[in-house]
Amino acid sequence: MKPDVLLIGPFFEPKQRELENLYTCHRYWQAPDKPAMLASLVDRCEVIVTSGGRGVEVEIMQVLPRLKLVACFAVGVDAVDVEWCRAHGVAVSNTPEVLTEDVADMALALLLATVRRIPFGDRFVRDGRWLQGAMPLTSSLQGKRIGILGLGRIGGAIARRCVGFNTEIGYHDPRRNDGVDYAFFDDPVRLATWADVLIAACPGGSATQGVVSREVLTALGSQGVFVNIARGSVVDQEALVELLSSGALGRAGLDVFNDEPRVPAALIALENVVLQPHQASATVPTRTAMGQIVLDNVAAYFAGKPLVTPV
Ligand code: GLV
């Protein structure tokens with residue numbers, strides 16, 4: 001008998017298939033009668049697998065008294081109530097490190113695309129507008145001050161790349177990092193006041209909810225650029241749209257949003273933003289590696305071994 005796994009939502013298909021070959025997986029998102037599916041698993045389901053965006057509600061975990069592991073296909077576990085899990089003896093695992101470099105690449109891709117107006121230039125050529133005259137000049141990244149919000153693994157990888165682009169680096173993080181010589185700011189508003197570009201690279205969740213506030217975005221200013229590869233929740237999205245629309249904030253490159261995949265029409269209508277559909281870790285090699293970590297954590301749990309990447 002293969003052990004049961006409750007699969008809350010789909011993830012990288014080849015690795016999901018491997019999981020489904022190894023265990024009796026129950027596809028929650030496809031269940032016509034979800035309460036009946038949960039009821040059938042009450043006395044036997046010890047493992048939930050879910051994606052970062054989907055997470056899992058406490059209401060689901062609550063009805064599975066034998067639950068011992070929530071394995072997430074993501075580095076960010078803000079869609080899982082980790083405190084609840086801790087209090088109820090449920091371990092949580094994530095997929096750190098393997099995605100760091102791809103996510104940092106996306107931050108730089110969005111930054112350059114935003115500052116140098118790459119999507120605009122692409123449309124300019126395709127629409128035949130070049131035949132009528134040259135595209136307007138853009139601003140430059142050279143010599144700019146880059147403020148990184150959250151100097152963890154991903155923030156650090158972004159900073160290393162920014163050095164190669166001849167920029168100056170500052171950061172705000174709950175912990176000052178004495179191992180780097182980037183300028184430290186003890187407050188996000190002070191960081192944004194100093195910076196030409198602000199890149200959000202902190203975890204999501206209640207601790208960082210709205211940390212990129214109206215005040216922070218206003219401090220960044222009319223020539224400022226905001227890049228978000230973290231979570232939509234870290235920014236006051238309403239203020240972001242308003243300030244970008246009025247010109248009080250210069251530009252933005254955004255991979256993440258509140259309430260994905262819904263993106264406000266007002267944001268889509270703006271010319272001074274570059275948008276991505278939460279693609280930062282979405283490469284075949286990285287998603288393969290993330291999927292393998294999910295499989296390794298589930299296997300470790302059923303083998304009675306320590307998890308590979310516990311949160
Ligand atoms: C993606 O957003 C992740 O948390 O891995």
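Just so you know, ligand 1 is whichever comes first in the structure, and atom 1 is the first atom listed for that ligand.
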Worksheet entry | Value rounded to 0.5 Å, distance of NE2 in His26 from SG in Cys45 | 7.0 Å
Worksheet, complete the sentence: Minimal heavy-atom distance between Cys202 and Ala230, with the atoms involved, is O-CB, 3.2 Å
Worksheet item: Taking the inter-plane angle between the rings of Trp84 and His88 on a 0 to 90° scale, is it parallel (under 30°), tilted (30 to 60°) or perpendicular (over 60°)?
Response: parallel
Practice prompt. Apply the test salt bridge (charged side-chain N to carboxylate O under 4.0 Å, His left out) to residues Asp43 and Arg66: give CA-CA distance (whole Å), side-chain angles for both, the deciding distance (0.1 Å), then the verdict.
Written response: CA-CA 7 Å; Asp43 54 6; Arg66 303 191 55 160; over 6 Å; no
Report each N/O pair between ligand 1 and the protein that falls under 3.5 Å, naming both atoms.
residue	atom	partner	partner atom	Å
ligand 1	2 (O)	Arg231	NH1	2.7
ligand 1	2 (O)	His278	NE2	2.7
ligand 1	4 (O)	Val75	N	3.4
ligand 1	4 (O)	Gly76	N	2.8
ligand 1	4 (O)	Arg231	NH2	2.7
ligand 1	5 (O)	Val75	N	2.8

Practice prompt. Please check if the distance between the ring centroids of Phe184 and Tyr171 is under 6.0 Å.
Written response: yes
Worksheet item: Would you call Arg160-Glu101 a salt bridge at under 4.0 Å N-O?
Response: yes
